[in-house]
Amino acid sequence: VADLAVIAFFCAAVLVAGFSVRKSDRSGAVGFLLAGRPLTLPLFVMTLVATWYGGILGVGEFSYRYGISNWLMQGVPYYLFAALFAYFLAPRIRATNLLTIPDKLEASYDRKTAVLGSVLTLILVTPAPYLLMLGVLLEMLFGWGLFAGILVSALVSVSYLFTGGFRADVRTDVVEFFFMFAGFGIILPWCVAGYGGIDFLRANLPPLHLTWHGGNEVQYIVVWFFIALWTFVDPSFHQRCYAAKDERTARRGILVSIAFWFLFDFMTVATGLYARAILPGLEEPVMAYPLLAETVLPPVAKGIFFAGILATIMSTLNTMAFVSAQTLGRDIVLRLTPGWSAQSAGGEADGRPAFWTRVGLVAALALSIPMAMLIPSVIGIWYTVGTVTIPGLIVPILSAYSGRWKLPARNAFMSMAGGWLTSTGWWIAGLLTGGEGRLLFGVEPIYPGLAVSVIAALPGFIRTARSRNPSGDAA
């Protein structure tokens with residue numbers, strides 16, 4: 001009862017935060033989609049940190065299976081690319097005063113590239129795996145069926161995002177930020193006090209769990225570094241930079257966020273190691289964190305931990321649902337409407353982007369519910385989505401923000417389409433051949449996709465270089 005009371009308090013706090021947005025704060029495109037660009041440094045950090053860990057059950061599964069190598073694959077490459085993003089992209093993104101990644105693609109190239117980029121972005125940010133994780137947790141906590149848990153999760157997320165837009169997302173992220181750190185801040189000391197420190201782990205973990213590779217092949221580890229290029233094309237990063245108060249806030253906010261991610265990764269990986277040491281032989285390692293809490297935590301503390309798990313998932317679900325909504329409703333449907341222009345429709349008086357984002361929110365979650373019922377593994381979804389979409393997005397997006405190396409529109413589209421189709425085709429061929437590791441010729445799909453994307457872009461880069469005047473500026 002005490003645990004349920006804590007969880008109920010958390011849910012009430014999220015709902016109050018989400019529904020507290022005033023009508024005047026959500027009017028027009030900029031108000032609804034970016035909250036009027038108000039993010040100060042603390043708000044920027046809390047909302048960005050909170051949205052980056054939605055797959056927390058997958059993190060627990062990975063740590064349970066492979067130990068500290070989870071930190072190497074799921075942490076280190078993201079710190080690196082986030083730092084590069086902060087220095088080279090964040091100020092440029094904020095300076096554009098645009099609203100979304102497809103807006104930048106259309107401004108730099110053309111509409112067809114923007115539409116294709118919207119489709120790939122929609123694949124990248126599907127909220128389905130986060131609905132699944134919430135459904136599983138609600139099933140465990142309250143005994144509901146999986147479908148009922150997923151449906152409730154979707155309805156709650158839609159409710160305050162539908163009325164409050166991005167500002168509701170940010171306000172709920174603040175509440176969830178504190179709960180996610182509180183949850184793991186409680187369970188880890190409890191494990192140390194009850195079972196011991198590093199000596200206990202060394203005595204009870206498989207030896208490979210304390211090695212950098214965790215028993216994984218080098219190619220598998222390296223591919224996660226390429227998947228971490230996700231950072232450069234992640235819509236939530238771009239969205240928060242667009243919403244930042246100024247360019248300095250965008251850059252500093254990401255750098256400060258890296259420190260919080262490092263701390264949270266330490267807590268989550270260590271908790272996964274304790275789960276493996278205390279509960280060896282779990283049939284479903286994806287439930288490592290919840291089952292560990294059931295084993296080691298007393299009432300109230302257990303409620304705080306489960307609230308922290310819910311907060312970690314919900315913060316990302318909110319953002320993915322909202323980005324999916326604006327991508328589907330505004331960046332695809334509205335962009336294909338004759339006579340509509342992103343450049344002329346971003347003002348406060350234009351209500352169409354907000355309207356179509358609301359339509360997209362309902363549609364995106366309606367499509368995600370059946371998908372969530374079919375998803376076998378969160379880690380598998382991250383891997384698949386990253387390997388098939390990143391090769392199509394990375395080169396055109398980075399080029400769009402580079403005045404010196406901006407591609408001609410034709411080459412940008414060919415790079416995007418070629419990278420995406422190659423990696424997707426390679427992945428499908430691997431599934432059909434059924435070879436070892438289900439990889440065609442033993443090669444990860446992301447590599448040929450990136451290669452084709454670069455090759456398709458290369459003539460454009462050469463053309464751009466030749467067109468520069470002697471001063472080095474783009475012609």
Side-chain angles (χ1 to χ4, degrees), residues 3 49 52-80 133 136-137 140 179-218 220-222 224-225 228 258-309 311-313 377-379 382:
D3 295 330
V49 169
W52 202 233
Y53 284 100
I56 191 64
L57 296 185
V59 173
E61 176 187 1
F62 208 99
S63 298
Y64 187 94
R65 292 182 184 276
Y66 304 114
I68 61 173
S69 65
N70 176 68
W71 206 339
L72 175 65
M73 287 182 270
Q74 305 292 329
V76 172
Y78 291 96
Y79 309 152
L80 171 64
M133 282 184 287
V136 169
L137 275 179
M140 177 180 180
F179 270 93
M180 61 189 275
F181 276 90
F184 282 91
I186 280 181
I187 194 169
L188 187 55
W190 222 283
C191 289
V192 174
Y195 293 88
I198 187 65
D199 290 336
F200 169 78
L201 293 176
R202 285 173 176 163
N204 291 276
L205 287 173
L208 288 177
H209 273 55
L210 296 178
T211 63
W212 65 271
H213 54 79
N216 291 290
E217 295 182 359
V218 173
Y220 182 73
I221 295 173
V222 171
W224 280 103
F225 277 76
I258 293 172
F260 280 99
W261 289 326
F262 182 91
L263 173 61
F264 197 70
D265 282 338
F266 169 78
M267 293 192 294
T268 56
V269 171
T271 301
L273 293 179
Y274 273 102
R276 179 64 176 82
I278 296 170
L279 302 170
L282 288 182
E283 293 184 4
E284 297 183 21
V286 71
M287 299 301 293
Y289 288 153
L291 293 177
L292 178 66
E294 290 283 354
T295 302
V296 306
L297 290 179
V300 179
K302 183 165 61 176
I304 294 174
F305 179 76
F306 277 113
I309 291 285
T312 308
I313 300 171
S377 168
V378 174
I379 293 293
W382 288 345

(message) Would Tyr274 and Leu205 count as a side-chain contact (heavy atoms from CB on, under 4.5 Å) here? Give the steps.
(response) CA-CA 9 Å; Tyr274 273 102; Leu205 287 173; over 6 Å; no
(message) Does the plane of the ring in Phe181 sit parallel, tilted or perpendicular to the ring in Phe260? Use 30° and 60° as the thresholds.
(response) perpendicular
(message) Checking Asp265 against Tyr53: is there a side-chain donor and acceptor pair closer than 3.5 Å?
(response) yes
(message) To check you understand the geometry: which heavy-atom pair defines the closest contact between Asn216 and Ser69, and what is its length?
(response) ND2-OG, 3.8 Å
(message) Please determine whether side-chain contact (heavy atoms from CB on, under 4.5 Å) holds for the pair Leu208 and His213, giving the CA-CA distance in whole Å, both sets of side-chain angles, and the decisive distance to 0.1 Å.
(response) CA-CA 8 Å; Leu208 288 177; His213 54 79; 3.7 Å; yes
(request) Give the minimum heavy-atom separation between Leu297 and Ala301, together with the two atoms involved. (result) CD1-O, 3.8 Å
(message) Strictly distance-based, threshold 3.5 Å: is any side-chain N or O of His209 a donor or acceptor partner for the main-chain N or O of Tyr64?
(response) yes
(request) Return the set of residues passing ring pair (Phe, Tyr, Trp, His ring centres under 6.0 Å) with Phe184 (not counting sequence neighbours), or none when no residue passes. (result) Phe264, Tyr289, Phe305
(request) Grab the two heavy atoms, one from Val49 and one from Met180, that are nearest each other, plus how far apart they are. (result) O-CE, 4.2 Å
(request) Measure the CD1-CG distance between Ile258 and Leu263 for me, rounded to the nearest 0.5 Å. (result) 14.0 Å
(request) To the nearest 0.5 angstrom, please state how far the CZ atom of Phe62 sits from the CE atom of Met73. (result) 3.5 Å
(request) Rounded to the nearest 0.5 Å, what's the gap from CG on Leu137 to CE on Met287? Could you check? (result) 6.0 Å
(request) Identify the two heavy atoms, one from Thr268 and one from Ser63, that lie closest to each other, and give their separation to 0.1 Å. (result) O-OG, 4.3 Å
(request) Might you work through the side-chain contact (heavy atoms from CB on, under 4.5 Å) test for Met133 and Ile309, ending with a clear yes or no? (result) CA-CA 10 Å; Met133 282 184 287; Ile309 291 285; over 6 Å; no
(request) Might you point out which heavy atoms bring Leu188 and Ala270 nearest each other, and give the distance in Å? (result) CD1-CB, 3.7 Å
(request) Considering non-hydrogen atoms only, spot the tightest contact between Leu291 and Leu282 and give its length. (result) CD1-CD2, 3.8 Å
(request) Determine, using ring centers only, whether Tyr195 and Trp190 are less than 6.0 Å apart. (result) no
(request) Show your reasoning for whether side-chain contact (heavy atoms from CB on, under 4.5 Å) applies to Glu294 and Phe306. (result) CA-CA 10 Å; Glu294 290 283 354; Phe306 277 113; 4.0 Å; yes
(request) Calculate, to the nearest 0.5 Å, the distance between atoms CD1 and OG1 belonging to Ile68 and Thr211 respectively. (result) 6.5 Å
(message) Could you measure the distance from the CD1 atom of Ile278 to the OG1 atom of Thr271? Nearest 0.5 Å is fine.
(response) 9.5 Å
